[in-house]
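Just so it is clear: chains get the letters A, B, ... in the order the sequence lines come, proteins before strands, and each one is counted from 1. Keep in mind the model is a prediction, meaning the values are calculated, not measured.
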Protein chains: 2
Amino acid sequence: MAVTIKDLAKETGLANATISAYLNGIPVREYNRVKIEEAIKKLGYIRNDYARGLKTHRSGTIGVLIPELSSVFSTTIITEMEETLREKGYGIIVCDCRTDLKREEESIRFLLSKMVDGLIIMPVSADKSTFGTAIDKKIPVVVIDRKTNSKDVSHVVINNREISRAATERILAKGCRKIALVTGDMSVYTAKERKEGYEEAMRSAGLYDDSFIMNGGLSVEGGYAATKDILANMPDVQAIFVTNYEMTIGSIIALNEEGKKIGKDIEFTGFDKVEITRAFVPAMETVNQPLEEIGRVAAATMTEMIDGAEPKDIILKADIL
Amino acid sequence: MAVTIKDLAKETGLANATISAYLNGIPVREYNRVKIEEAIKKLGYIRNDYARGLKTHRSGTIGVLIPELSSVFSTTIITEMEETLREKGYGIIVCDCRTDLKREEESIRFLLSKMVDGLIIMPVSADKSTFGTAIDKKIPVVVIDRKTNSKDVSHVVINNREISRAATERILAKGCRKIALVTGDMSVYTAKERKEGYEEAMRSAGLYDDSFIMNGGLSVEGGYAATKDILANMPDVQAIFVTNYEMTIGSIIALNEEGKKIGKDIEFTGFDKVEITRAFVPAMETVNQPLEEIGRVAAATMTEMIDGAEPKDIILKADIL
DNA sequence: AAATAAATTCGAAACGATACGACTGACGGA
DNA sequence: TCCGTCAGTCGTATCGTTTCGAATTTATTT
């Protein structure tokens with residue numbers, strides 16, 4: 001079967017405890033170190049994390065739960081998170097719950113049964129019911145991109161409201177008065193915050209009118225449909241502000257189809273780095289989230305919590321490109 | 001501490017073995033079933049996979065190793081794979097090795113120490129040295145998007161050469177004679193195959209000239225640079241064929257910057273579903289890989305191998321949109 | 001109702017690593 | 001030379017499951 005510590009012990013003539021010590025970085029005599037290392041190489045030993053985890057109740061693994069793996073938003077953050085955590089000796093297990101609450105719960109059970117030392121999660125709902133089990137088990141939880149009503153978890157979010165307000169004000173400064181907003185369902189934290197930022201700006205200008213607000217369902221298709229709708233029913237619209245990556249893409253496609261030139265026929269502000277479109281629509285403005293930073297900070301917060309730190313809320317700053 | 005089977009045993013007055021049996025789907029008496037289920041709910045029991053894995057040498061987990069998490073190619077495949085595996089009761093652990101051979105090895109050790117029941121991998125090199133450890137341990141390995149020189153693993157690839165040949169022939173049929181190819185380093189399996197498909201078509205037409213072949217390094221920047229280069233140094237080029245997603249994007253950006261209209265000034269065939277560009281460059285042709293199918297098939301092959309099937313090679317068909 | 005067959009349940013021994021207290025030997029100081 | 005110190009090493013119990021043969025209960029047959 002697999003090579004175990006006992007095999008190493010037999011091979012080297014040492015006790016398991018000594019091998020274990022070596023493996024855990026506790027100093028052993030030079031000549032023993034050499035023997036052990038030779039044996040490891042010779043036998044091809046790989047530590048059995050399951051046995052270790054059983055004994056230590058630690059796995060050296062962080063669970064990452066996201067609603068959708070196939071979005072730049074998630075992957076950029078995850079990549080950076082993995083990097084940071086790896087440096088601290090942690091690996092990650094990623095679960096994609098497909099924006100499905102039931103799967104989210106399933107996944108959390110899965111991760112917990114894998115004995116993760118912590119949970120970084122972008123919850124589908126703002127309700128703590130799903131990750132409550134983790135909290136009960138005293139497993140540190142970091143929530144990203146959402147604010148929840150729980151005091152037991154850390155939050156890492158961006159200044160959604162402020163940046164949306166600023167973006168809207170920038171459009172206003174260009175002289176636009178009829179500005180449409182494409183956002184998501186108000187049950188989604190970011191959608192709500194971003195809408196409120198927009199609302200603040202519009203109200204201050206005395207221009208708020210909620211018929212300018214469209215729900216784009218946070219998807220490419222939704223953004224596309226919402227934009228078509230806007231163009232069809234609000235002929236005098238002067239600008240569109242779209243509040244996430246997918247909808248931005250959909251919206252641009254719709255504008256393009258309708259022959260509306262951004263910067264000329266209409267002002268446009270999108271969300272996130274829509275790389276390719278910059279070539280085609282240089283006049284487009286974009287709210288740029290510090291994705292790498294979110295990943296880094298979330299990871300760092302996680303390790304701090306594992307080491308005993310209290311939960312904290314961190315707000316990072318997005319900027320406008 | 002955590003709730004264990006023993007706690008359930010105490011709570012119900014049954015032996016651990018009975019609880020274990022219930023948990024594993026072996027029938028127990030109705031009234032015991034009820035008692036056990038109540039106890040589980042009451043105490044909030046979650047099975048400790050580590051203890052179980054230690055005993056059974058199975059983890060119910062498949063390791064997935066990819067060179068780059070932040071690419072549509074990977075994420076689409078992974079998402080589909082996860083779906084399929086989940087249905088069979090497996091979870092996945094994803095590792096991103098950042099196209100780095102050393103990390104690839106590290107990650108494989110990590111995954112093996114996590115006792116994965118199988119490994120699905122998109123190797124950086126075609127050399128079996130990295131995943132050899134897995135094979136030695138009799139762990140099924142499925143390689144996607146690459147052919148390796150190992151007979152012990154399954155391969156899931158697309159018909160790279162044929163489809164590239166077909167794509168090239170299609171361009172030729174439009175009357176183009178000077179067709180540039182942007183591909184990657186010849187050490188990369190897909191780059192090589194795709195280049196050879198192109199070469200076959202060009203040779204048949206008596207038009208092959210390797211000065212038309214550019215290395216775009218498989219990245220957006222590389223594709224961009226290669227295309228700029230082509231436009232600068234091959235003024236009479238009539239068409240460009242780009243062989244992966246990232247380079248396609250880079251190439252389109254470059255063409256756009258240079259004011260070259262696809263379908264008018266130049267013919268263009270890209271690779272993979274470049275969603276957004278379709279709105280801007282409807283004349284663009286694209287080789288479309290069946291990503292979902294790759295994921296599905298890889299996952300299915302994995303479970304078959306776990307159940308004892310022999311390694312096999314599967315070639316899926318891409319088409320041209 | 002007794003005897004046999006079938007279905008559950010039980011107890012205790014693993015699985016592979018770590019933790020803990022006890023033990024060894026080498027070294028320096030008195 | 002003797003003793004205390006301390007870095008290393010050793011045995012062994014233990015983590016929470018599953019496994020397996022034996023023991024017990026329930027169902028079936030005669």
Practice task
Would you please name every residue forming a salt bridge (Lys or Arg N to Asp or Glu O under 4.0 Å) with B:Lys10, sequence neighbours left out?
Solution key: none
Problem - Any residue meeting side chain to side chain contact (heavy atoms under 4.5 Å, CB included) with A:Ala17, in chain and number order, not counting sequence neighbours - result: none
Show which side-chain atoms of residues 36-45 of chain B pair as donor or acceptor with protein atoms under 3.5 Å away, not counting sequence neighbours.
unit_1  : atom_1 : unit_2  : atom_2 : d
B:Glu37 : OE1    : B:Arg33 : NH2    : 3.4
B:Glu37 : OE2    : B:Tyr22 : OH     : 2.8
B:Glu37 : OE2    : B:Arg33 : NE     : 3.2
B:Lys42 : NZ     : B:Glu11 : OE2    : 2.8

So which protein nitrogen or oxygen atoms get under 3.5 Å of nucleotides 8-12 of chain D's nitrogens or oxygens?
unit_1 : atom_1 : unit_2  : atom_2 : d
D:dG8  : O4'    : A:Arg29 : NH2    : 3.3
D:dG8  : O3'    : A:Arg29 : NH1    : 3.2
D:dT9  : OP1    : A:Arg29 : N      : 3.4
D:dT9  : OP1    : A:Asn32 : ND2    : 2.1
D:dT9  : OP2    : A:Arg29 : N      : 3.4
D:dC10 : OP2    : A:Ala15 : N      : 2.8
D:dC10 : OP2    : A:Thr18 : OG1    : 2.6

Handout entry: Pairwise ring pair (Phe, Tyr, Trp, His ring centres under 6.0 Å) hits with a residue in residues 59-114 of chain A, at least two apart
Key = none
Problem - Residue list, salt bridge (Lys or Arg N to Asp or Glu O under 4.0 Å) with B:Glu83, at least two apart or on another chain - result: A:Arg98, A:Arg103
Exercise for the section: Can you sort out the partners of B:Thr190 under side chain to side chain contact (heavy atoms under 4.5 Å, CB included), two or more places apart, ordered by chain and number? Expected result: B:Asp145, B:Arg146, B:Asn160, B:Val188, B:Arg194
Practice task
Could you identify which residues of residues 38-48 of chain A place a heavy atom less than 4.0 Å from some atom of DNA chain C, listed by residue number, or say none?
Solution key: A:Tyr45, A:Arg47, A:Asn48
Practice task
Five pairs at each end of the helix from C:dA1-D:dT30 to C:dA30-D:dT1: take the axis at both ends and give me the angle between them to 10°.
Solution key: 40°
Problem - Sugar-phosphate, base or nothing in reach of B:Asn24, heavy atoms under 4.0 Å - result: sugar-phosphate
Exercise for the section: Hey, could you give me each pair passing salt bridge (Lys or Arg N to Asp or Glu O under 4.0 Å) that has a residue in residues 305-316 of chain A? Not counting sequence neighbours. Expected result: A:Glu304-A:Lys312
Handout entry: Counterpart residues, salt bridge (Lys or Arg N to Asp or Glu O under 4.0 Å), relative to A:Glu193 (two or more places apart)
Key = A:Arg161
Practice task
With sequence neighbours excluded, tell me which residues meet side chain to side chain contact (heavy atoms under 4.5 Å, CB included) with B:Ser59.
Solution key: A:Tyr50, B:Thr61, B:Met115, B:Asp117
